[in-house]
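Structure first, then comments.
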Amino acid sequence: MSQNHSDTKALLELAIDKYPLILPPHTPALDAITTMSQACTSYTLIADRQKPVGIVTERDVVRFSVSKMSLEGTAISQVMTQQLVTLPLSEAQDITSVLSLLCSSRIRHLPILDEQGNLFGIITPDSWRRIFTVQLWQETIIERRQELKQANQFRQQEMLQRQHLEEALRQAKENFAEQENELKATQSELIHSAKMAALGQLMAGIAHEINTPLGAIRASVGNISTALDKSLQQLPQLFQQLSPQEQADFFALLEAAQHYSNSLSFKEERQFKRTLKKELETLGIEDADSIASTLVNMGITQVEDTLPSSSPERQPLDKTTPTSLISLLQSPTQSLILDAVYNLSVQQNNIRNTLLAVERASKIVLALKRYAHHDDSGQMSRISVTEGIDVVLTIYHHLVKQGIEVIKMYEEVPAILGYQEELNQVWTNLLHNAIQAMDNRGKLEIAVCQQDNYILVQFTDSGVGIPPEIQSRIFEPFFTTKPTGEGSGLGLNIVRKLVDKHQGKIEVESQPGRTTFSVWLPIRE
């Protein structure tokens with residue numbers, strides 16, 4: 001029996017953490033939480049001159065988060081648990097007595113004090129689990145039974161100790177249940193972290209998408225500025241040299257150049273330049289090669305393109321006559337005329353490009369605003385499923401445009417009651433999975449239709465597919481087929497939870513070259 005007491009005393013000493021995390025009372029609460037995270041500990045003791053005055057545990061951190069308590073400028077002493085249960089080292093007899101105190105006080109952290117009342121160490125769930133195993137308790141119970149058989153005089157005492165052990169085991173089960181709840185809370189935090197990581201990737205893509213039209217605007221403004229400077233220098237001199245008829249022909253040529261859409265390929269430009277050069281040479285116009293290049297750059301691909309014809313099939317671009325255009329090209333000032341028209345057409349084309357770039361940037365900003373909209377009411381609102389999908393496609397255009405053909409097959413469907421932000425998360429995850437499955441190259445079909453009292457949304461990709469043996473596991477948390485570092489295994493689990501929250505369902509059908517995720521969302525009045 002004495003040997004047993006000695007052993008349990010030794011085990012108790014092993015259970016005491018003599019180097020706990022200790023912070024002074026004036027420590028800012030946010031700094032204390034950060035320190036706990038960096039130290040990978042579930043608690044921190046608050047002590048003043050080695051005298052423990054309070055404690056903060058992971059439960060307090062969860063309580064702060066749930067209550068949305070503002071900790072900015074708050075000292076840790078203002079939010080710590082102050083009514084500490086402590087145990088003098090002289091009264092720490094063995095594991096059983098300590099466990100009884102933990103159970104009766106319903107605590108998980110027990111500071112141990114020396115003879116002067118200073119902190120000697122602390123017993124925590126982590127330090128306890130180092131030595132407290134099921135095997136140890138089984139051996140202890142067997143040992144107690146053997147002792148009961150060997151010594152009847154200690155029967156009553158051993159029976160009481162056994163009752164204590166059973167109570168301790170019951171309490172341990174309750175602690176395990178609490179730990180399971182804590183695990184669920186940790187999982188929720190991981191889901192939030194996954195959302196934050198996706199948000200970081202989203203911001204990088206949005207920055208790229210907005211920089212593209214901004215770059216186009218910057219280039220267009222530069223082109224407009226250069227061409228405008230030239231025009232301001234050329235036009236006064238030019239109009240002093242042109243007759244009224246030549247001025248009219250000048251504006252007719254400028255009007256023809258306005259129809260240019262800049263849609264010719266490089267091959268088409270070369271072909272039109274060769275053809276136009278031959279026409280000009282036939283008309284006896286000098287420097288035909290340079291003039292042909294300038295005219296094609298302005299969108300004039302044939303001399304007759306700007307002229308009416310007696311043929312009923314001909315559809316002219318303006319009201320000039322063959323001799324008027326030819327006379328402009330044969331004029332001594334033709335170089336100045338073409339240069340002036342070209343500079344004016346450059347300004348018009350770049351203004352058009354600027355407007356298109358502004359429209360693109362505005363569309364991206366509007367989509368981002370809709371995507372990031374957060375409703376704090378916690379109530380469902382009436383939303384359009386197709387609009388939400390289109391917002392996600394706009395936001396992630398930088399990923400789709402790399403080599404994915406998107407085919408949208410939308411039918412007219414009614415609006416539904418739902419949470420827009422959470423459904424956007426569903427479409428985002430399904431889109432990301434499809435892109436990764438296709439390795440950024442392939443075809444993505446998105447279909448939306450109504451089936452009975454449900455809206456059916458289907459994402460079908462042409463990727464490698466999902467092997468049949470793992471299709472039943474893809475919605476499990478932390479299950480992933482991606483290489484380490486490329487996926488948390490939470491994406492599809494989040495999708496299923498959000499669809500379940502909308503009282504819908506999600507299914508998958510997959511074979512190599514065609515994988516379809518189908519989401520049913522109920523239509524509520």
Side-chain angles (χ1 to χ4, degrees), residues 1-25 36 39 41-60 76-77 80-144 146-148 151 153-172 174-175:
M1 187 66 185
S2 60
Q3 181 63 37
N4 177 262
H5 178 77
S6 175
D7 291 343
T8 55
K9 184 71 173 180
L11 289 174
L12 176 60
E13 292 180 357
L14 289 176
I16 299 176
D17 183 358
K18 298 180 181 179
Y19 304 99
L21 177 62
I22 303 174
L23 295 174
M36 289 172 60
T41 180
S42 62
Y43 74 98
T44 178
L45 280 171
I46 312 303
D48 187 9
R49 297 185 181 87
Q50 290 299 314
K51 303 290 185 181
V53 296
I55 189 170
V56 174
T57 69
E58 76 281 1
R59 294 183 180 179
D60 296 315
I76 195 65
S77 59
M80 67 183 182
T81 300
Q82 300 181 10
Q83 297 180 350
L84 276 180
V85 176
T86 61
L87 180 66
L89 183 62
S90 59
E91 298 180 12
Q93 298 300 322
D94 54 22
I95 291 178
T96 304
S97 61
V98 172
L99 180 60
S100 299
L101 179 58
L102 288 169
C103 295
S104 61
S105 302
R106 301 185 65 83
I107 58 174
R108 303 171 66 221
H109 301 79
L110 180 61
I112 306 298
L113 306 181
D114 60 16
E115 295 178 357
Q116 288 75 35
N118 295 328
L119 184 66
F120 177 79
I122 186 171
I123 295 178
T124 68
D126 290 336
S127 63
W128 186 263
R129 280 192 290 269
R130 286 200 299 265
I131 54 94
F132 187 85
T133 62
V134 175
Q135 181 179 1
L136 173 63
W137 286 107
Q138 289 176 341
E139 292 175 355
T140 303
I141 293 173
I142 293 173
E143 187 177 1
R144 292 292 188 270
Q146 291 174 347
E147 291 174 355
L148 284 172
Q153 62 271 28
F154 299 113
R155 179 178 299 275
Q156 187 63 36
Q157 179 182 354
E158 292 297 329
M159 287 294 295
L160 292 175
Q161 290 181 349
R162 182 177 178 181
Q163 290 176 2
H164 289 320
L165 290 174
E166 290 176 349
E167 177 62 23
L169 290 174
R170 185 191 65 79
Q171 185 65 37
E174 292 182 0
N175 291 337

Determine the minimum heavy-atom distance between [X] and [Y], stating which atoms define it.
X      : Y      : result
Asp17  : Tyr43  : OD2-OH, 3.6 Å
Val85  : Ile107 : CB-CD1, 3.8 Å
Ile76  : Pro25  : CG2-O, 3.4 Å
Arg108 : Leu102 : C-CD2, 4.4 Å
Leu119 : Pro20  : CD2-CG, 4.0 Å
Pro52  : Gln50  : CD-O, 3.5 Å

Can you list the steps and then say if Cys103 with His164 is a side chain to side chain contact (heavy atoms under 4.5 Å, CB included)? CA-CA 10 Å; Cys103 295; His164 289 320; over 6 Å; no
In Å and rounded to the nearest 0.5 Å, what is the [atom1] to [atom2] distance from [X] to [Y]?
X      : Y     : atom1 : atom2 : answer
Leu23  : Ile55 : CG    : CD1   : 11.5 Å
Asp114 : Leu89 : CG    : CG    : 7.5 Å
Leu110 : Thr86 : CG    : OG1   : 7.5 Å
Thr44  : Ile22 : OG1   : CD1   : 8.0 Å

Residue Lys51 excluded, over 12 heavy atoms near NZ under 6.0 Å: yes
Looking at Gln116, I want to see if its CD is surrounded by more than 12 non-hydrogen atoms of other residues, nucleotides or ligands under 6.0 Å.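 Atom CD in Gln116 is packed in, count exceeds 12.
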Would you say the side chain of Thr124 lies within less than 4.5 Å of the side chain of Ser42, judging by non-hydrogen atoms? no
Could you tell me whether a side-chain N or O of Ser104 sits under 3.5 Å from a main-chain N or O of Leu101, the two making a donor and an acceptor? yes
Test log, rule side chain to side chain contact (heavy atoms under 4.5 Å, CB included), inputs Thr57 and Thr81: CA-CA 9 Å; Thr57 69; Thr81 300; over 6 Å; no
Between Met80 and Val53, does the side chain to side chain contact (heavy atoms under 4.5 Å, CB included) criterion hold? Intermediate values first, please. CA-CA 9 Å; Met80 67 183 182; Val53 296; 3.9 Å; yes
SB check Arg170 Glu166 (cutoff 4.0 Å):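 Judged by the 4.0 Å cut-off on N to carboxylate O distance, Arg170 and Glu166 do not form a salt bridge.
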